[in-house]
Amino acid sequence: MATDTFWSDVDRHLVRYAGPGSFTGEIIDRAEGSFVFTEDGRRILDFTSGQMSAILGHAHPEIVETVRKQAAKLDHLFSGMLSRPVVDLARRLAETLPDPLEKALLLTTGAESNEAALRMAKLVTGKHEIVSFARSWHGMTQAAASATYSAGRKGYGPGAPGNFAIPVPGADWERQLDMAFDLIDAQSVGSLAACLVEPILSSGGILVTPPGYFQALQRKCRERGMLLILDEAQTGLCRTGTWYAFEHDGVVPDILTVSKTLGAGLPLAAVLTSAEIEQEAHERGYLFFTTHVSDPLPAAVGNTVLDVLIRDRLDERARQLGDRLRTGLDEIAARHESVGEIRGRGLLAGLELSGGGPDADKLGARVTQRCLELGLHMNIVQLPGMGGVFRIAPPLTASDSEIDLGLSILDEAIGDVS
């Protein structure tokens, strides 16, 4: 198919699902390791791990082999049937987690896992109100979207009733948290079920909460009989230098959701909780019966992902590469006035472009485009009045030289357009 015909078909037949500038102007033909390759032969370093998901890089040989073998043997079942890959993955996930998280529900996407977690929390508590961060992103299905405040709220009619936003913590976070829950208490109809939050806000601009914040938030939840749900779609499975980001914060959630990274780019997600909460949910008739719950093919992939993470000590590797990445980003910030704060943890980093002036909101788009021209794919969160925040999440399998290459291209791109 001719290139012009391809783009004509895009214009004619594809729904634009991501707002302005929905599609990158390249035809991607294949991907391998830390790179994607265009149809015309260009090699592009992928500093986003696909959709922040491909933690083992693209076309990892062990994932490829697992898919080949498992698809030929057992790929999909009636949702009430069980297979060994599913039960093995549930057990092995529990082994990576502290007590009392030992029960797993295997699903397909982050939105679905958050939907299932919220449904469980509402059933177990007998309540319906949900609290989330003001810059949160939890997915595009009904309950998850109703708890999402970073984008996508306008124009779609009412969300689920009983959703409240609290501020992302700042320097004076203790007073801020007290005031936030004073307001929640004033608005609540007495039906507070759960608090659903990300340990590091990603779409909110790679915002890391201050030490002690989650312990205080958990106390607020306990005081009100609420469950604490942590959404580790982007932070789980070693990306931040530990297996789960909540390990940095001295808390264990009542319910944990993971997705993206669990399938290393393939559709696999999970809800994890305690035996006590699962028992209560079961006794109350918990129902989350979907077409692809407990599918054997993605579960087999998840087991291979765990194999590689454990064997190759990719939590340690994420810390090492994260230090290298952070050092390079700090050096870029020192060289360019348009670069503001550098933040994040491990291999999830944020570089804030401040820019200044009336063209600040355009700066990030220009840097992103220049990076692509130079062979680097970047993702930017556009925030009103700012140049935006780059979300940098290379594969955990990236080499030192690939990290250095990405930093070099980013440095050049910022210099070219600033």
Side-chain angles (χ1 to χ4, degrees), residues 1-11 13-14 16-18 21-69 71 234 239 260-268 297-298 301 304-305 308-309 312 314 317-318 321 324-325 328 347-349 351 364-380 390-414 416-417:
M1 181 190 296
T3 299
D4 56 350
T5 303
F6 176 91
W7 291 112
S8 176
D9 284 349
V10 169
D11 291 340
H13 297 297
L14 287 188
R16 289 164 287 183
Y17 46 80
S22 292
F23 304 116
T24 302
E26 301 276 359
I27 304 174
I28 305 303
D29 179 62
R30 65 185 182 90
E32 182 179 349
S34 298
F35 294 89
V36 298
F37 297 84
T38 67
E39 204 170 69
D40 60 6
R42 285 213 316 132
R43 187 181 78 158
I44 300 172
L45 181 61
D46 183 4
F47 250 32
T48 66
S49 300
Q51 188 64 36
M52 323 294 283
S53 305
I55 56 172
L56 304 184
H58 298 283
H60 190 284
E62 291 173 70
I63 299 294
V64 172
E65 182 64 10
T66 296
V67 171
R68 187 189 68 80
K69 286 184 176 179
Q234 295 190 30
R239 177 163 289 290
K260 294 182 185 291
T261 54
L262 181 57
L266 295 176
L268 178 62
L297 174 56
V301 170
T304 299
V305 171
V308 176
L309 291 174
D312 296 347
L314 291 185
R317 181 62 176 159
L321 283 178
R324 189 180 194 94
L325 178 63
L347 279 180
L348 181 61
L351 179 148
R366 295 200 304 269
V367 175
T368 304
Q369 180 58 36
R370 184 60 181 144
C371 282
L372 190 62
E373 292 167 359
L374 294 170
L376 175 68
H377 180 255
M378 296 286 285
N379 173 268
I380 191 164
F390 282 113
R391 294 191 296 173
I392 303 170
L396 310 190
T397 52
S399 67
D400 290 1
S401 62
E402 288 166 350
I403 296 296
D404 294 345
L405 174 61
L407 289 165
S408 175
I409 295 174
L410 178 59
D411 190 20
E412 181 178 350
I414 295 171
D416 286 348
V417 305

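These numbers were taken from a predicted model, which means no experiment stands behind them.
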Which heavy-atom pair separates [X] from [Y] by the least distance, and what is that distance?
{"X": "Arg370", "Y": "Asp416", "answer": "NE-OD2, 2.9 Å"}
{"X": "Pro394", "Y": "Ile403", "answer": "CG-CD1, 3.8 Å"}
{"X": "Glu402", "Y": "Phe47", "answer": "O-CE1, 3.9 Å"}
{"X": "Ala264", "Y": "Val305", "answer": "CB-CG2, 3.6 Å"}
{"X": "Leu376", "Y": "Gly406", "answer": "CD2-O, 3.5 Å"}
{"X": "Thr368", "Y": "Met378", "answer": "CG2-O, 3.8 Å"}

Holding to side chain to side chain contact (heavy atoms under 4.5 Å, CB included), I want the full list of residues that pass it with Ala349, two or more places apart in sequence or in another chain.
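With sequence neighbours excluded, Ala349 shows a side chain to side chain contact (heavy atoms under 4.5 Å, CB included) to Leu325, Leu329, Ile392, given in chain and number order.
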Residues forming a side chain to side chain contact (heavy atoms under 4.5 Å, CB included) with Thr38, sequence neighbours excluded:
Glu26, Ile28, Asp40, Arg42, Ile44
With a 4.5 Å heavy-atom cut-off, do [X] and [Y] have their side chains touching?
{"X": "Phe6", "Y": "Ile27", "answer": "yes"}
{"X": "Ile63", "Y": "Val308", "answer": "no"}
{"X": "Leu396", "Y": "Leu309", "answer": "yes"}
{"X": "Leu410", "Y": "Leu351", "answer": "yes"}
{"X": "Val36", "Y": "His377", "answer": "no"}

Stacked cation flag Arg43 on Phe35, 6.0 angstrom / 45 deg
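The answer is yes, since Arg43 meets both limits relative to Phe35.
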Distance in Å, [X] [atom1] paired with [Y] [atom2], rounded so as to fall on 0.5 Å steps:
{"X": "Ile414", "Y": "Ile409", "atom1": "CD1", "atom2": "CD1", "answer": "12.0 Å"}
{"X": "Asp400", "Y": "Leu405", "atom1": "CG", "atom2": "CG", "answer": "12.5 Å"}
{"X": "Ser49", "Y": "Leu347", "atom1": "OG", "atom2": "CG", "answer": "8.0 Å"}
{"X": "Phe23", "Y": "Trp7", "atom1": "CZ", "atom2": "CH2", "answer": "8.5 Å"}
{"X": "Arg317", "Y": "Ser399", "atom1": "CZ", "atom2": "OG", "answer": "7.5 Å"}

Quick one: does [X]'s side chain have a donor or acceptor within less than 3.5 Å of a partner on [Y]'s backbone?
{"X": "Ser8", "Y": "Asp4", "answer": "no"}
{"X": "Arg391", "Y": "Ile380", "answer": "no"}
{"X": "Arg366", "Y": "Ala413", "answer": "no"}

Are there more than 12 heavy atoms of other residues, nucleotides or ligands under 6.0 Å from atom CD of Glu373?
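Yes, CD of Glu373 has more than 12 neighbouring heavy atoms, counting only those of other groups under 6.0 Å.
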Check against side-chain contact (heavy atoms from CB on, under 4.5 Å), Gln369 and Val417
CA-CA 10 Å; Gln369 180 58 36; Val417 305; over 6 Å; no
Table please: side-chain donor-acceptor pairs of residues 52-60 below 3.5 Å, with sequence neighbours left out.
residue	atom	partner	partner atom	Å
Ser53	OG	Gln51	O	2.7
His58	NE2	Asp46	OD2	2.7
His60	ND1	Glu62	N	3.2

